[in-house]
2 protein chains.
Amino acid sequence: MAADVATAFGPRKMPIQTRATVTVGAICEATIQVLLSHGADRLTTTRVAARAGVSVGTLYQYYPNKHSLLFAVFEDHMNKVSQAVEAACADACYRPMSEMIRRVVEAFVDAKMQRADISVALYKVAPDLGGPALVRRTGQRLRKAIELMLLTAPDLKLSPDRFAIDMVLSAISGAMRSALEAGASPAVFRKVRAHLVLLCQSYMAAAAAKGA
Amino acid sequence: MAADVATAFGPRKMPIQTRATVTVGAICEATIQVLLSHGADRLTTTRVAARAGVSVGTLYQYYPNKHSLLFAVFEDHMNKVSQAVEAACADACYRPMSEMIRRVVEAFVDAKMQRADISVALYKVAPDLGGPALVRRTGQRLRKAIELMLLTAPDLKLSPDRFAIDMVLSAISGAMRSALEAGASPAVFRKVRAHLVLLCQSYMAAAAAKGA
DNA sequence: TCATTGGATGAAGGATTCTTCAGGTTTGGA
DNA sequence: TCCAAACCTGAAGAATCCTTCATCCAATGA
């Protein structure tokens, strides 16, 4: 099944020479820019190529169709966020639960903010592209990492609640989404970050208490 | 400014005879159906008209362009959700804060679930259409209603925290979105509903304590 | 009954967009 | 230097799609 996805949406050819690597990078970056400046429905392969400073033909040498181009950018972003959160999980093992949560939430928020423009751009195309499906897969991946981390918490008696973790993840992404789409200022983002920590900590504590 | 929006996206003509009312209703319903079965990028005016059992020309008699059709359906849905929440706010005045929160959260969730198919369909087109803008306007509207309600809470000393309310609203919609897009079962939705109440209650309590 | 207004039709114009491919340019190793 | 492989070009084919408008049908009320 992974093979199907690869042949349908995967890149057509990998760049070998440095020149080509630069080209592919420029194409991806141009995709983001066009998405931000023109919107999803006016993103055309020609426009992306022009913005990247190459011809359309070049674009089609690396991506079999428009879909696969968008998907590649999307997948790459999700991967980076996942890696950041997983690293935070690994670092936070054996610490008190509230600090675990703080670290994970902050890692997630920071990863999204790192390239806020990409996040905003991708919100516009996620719906086409099996967006929800990839989001779900990423969610499961993050949940597993968090679950493993919580198992090492010294102050947690019961096994961690899977459902509560999903809840927290979707709440965080919801809050981040509206802040990002609203184009919030750095000051507001700091506040959102702090409050998200508070929100997750208080909910996880309440959920654990209820489960007992 | 409202006039600009009206002339650009507003319906072209209001139905007068019952026959026309039925037609317009069929067109809106068909829009949802096509969105669900074909996706946003393959939603064509011809397809919508066919599904509604009318010709394209009829569609263009009521909506000046594809955009305005989508926008009308979108706006209508947001209005219904808003009204449901506002009604809940009015009903919950002068009650303990935790019950206020429970009622509002449940009202929101129930309103979304009422026509879950519409919610899911709209996630696919919100990005085009000034989606975020309308979402923000609706958010402000809801926040005001909630703020007014909280002012009557007997067990709340400080004035309600605007930021916290926005936080709660975006967290709720995030959780609902992922549940809806995942096509969760009724049982799961009941659990989401209960946990969202818990999440909002514990966060609001924590935020109030911190603010003191 | 009959004129007037509302409502519906759907072929066709006009405009985009995706994607290909034949041929030219650049790179890197032998 | 020289060649094969990698890379790039961009005009043009093929396929959609949005929107209009001339024309016909249905309802209303005087």
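Sequence lines set the chain letters: A, B, ... in the order given, protein chains first and strands last, and positions in each chain run from 1.
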Has B:E99 got more than 12 heavy atoms of other residues, nucleotides or ligands less than 6.0 Å from its CD?
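Enclosed.
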Within less than 4.0 Å of OP1 or OP2 of [N], is there a side-chain N or O belonging to [X]?
| X | N | result |
| --- | --- | --- |
| A:Y60 | C:dT19 | yes |
| B:S55 | C:dT9 | yes |
| B:T44 | D:dC17 | no |

Quick check on DNA chain D: between B:G57 and B:R47, whose nearest nucleotide comes earlier from the 5' end?
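Per heavy-atom nearest nucleotide, the more 5' residue is B:R47.
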Determine yes or no for a side-chain-to-main-chain donor-acceptor pair under 3.5 angstrom, with B:R47 supplying the side chain and B:R42 the backbone.
yes
Beyond-backbone contact of A:S37 with A:R51, side-chain heavy atoms, under 4.5 angstrom
yes
Could you state the atom-to-atom distance from [atom1] of [X] to [atom2] of [N] in whole Å?
| X | N | atom1 | atom2 | answer |
| --- | --- | --- | --- | --- |
| A:N65 | C:dT20 | CG | P | 8 Å |
| A:L69 | C:dC18 | CG | C1' | 13 Å |
| A:K66 | C:dT16 | NZ | C1' | 11 Å |
| B:H67 | D:dC17 | NE2 | P | 18 Å |

For nucleotides 5-7 of chain C, list the nitrogen or oxygen atoms of the protein found under 3.5 Å from its nitrogen or oxygen atoms, one pair per line.
residue, atom, partner, partner atom, Å
C:dG7, OP1, B:I16, N, 2.9
C:dG7, OP1, B:Q17, N, 2.9
C:dG7, O4', B:R19, NH2, 3.3

Derivation and outcome, side chain to side chain donor-acceptor pair (under 3.5 Å), residues B:K112 and B:H77
CA-CA 9 Å; B:K112 271 274 171 199; B:H77 177 68; 3.3 Å; yes
For A:V56, report the nucleic acid contact type (base, sugar-phosphate, nothing); a contact means any heavy atom under 4.0 Å.
base
Which is true for B:L59 with a 4.0 Å heavy-atom rule: it touches a base, it touches only sugar-phosphate, or it touches nothing?
nothing
Given A:V104, which of A:I146, A:I165, A:L142, A:L150 fulfils the side chain to side chain contact (heavy atoms under 4.5 Å, CB included) condition?
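Result for side chain to side chain contact (heavy atoms under 4.5 Å, CB included) with A:V104: A:I146.
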Heavy atoms of A:Y94 and A:T152 approach each other most closely as N-OG1, 2.8 Å
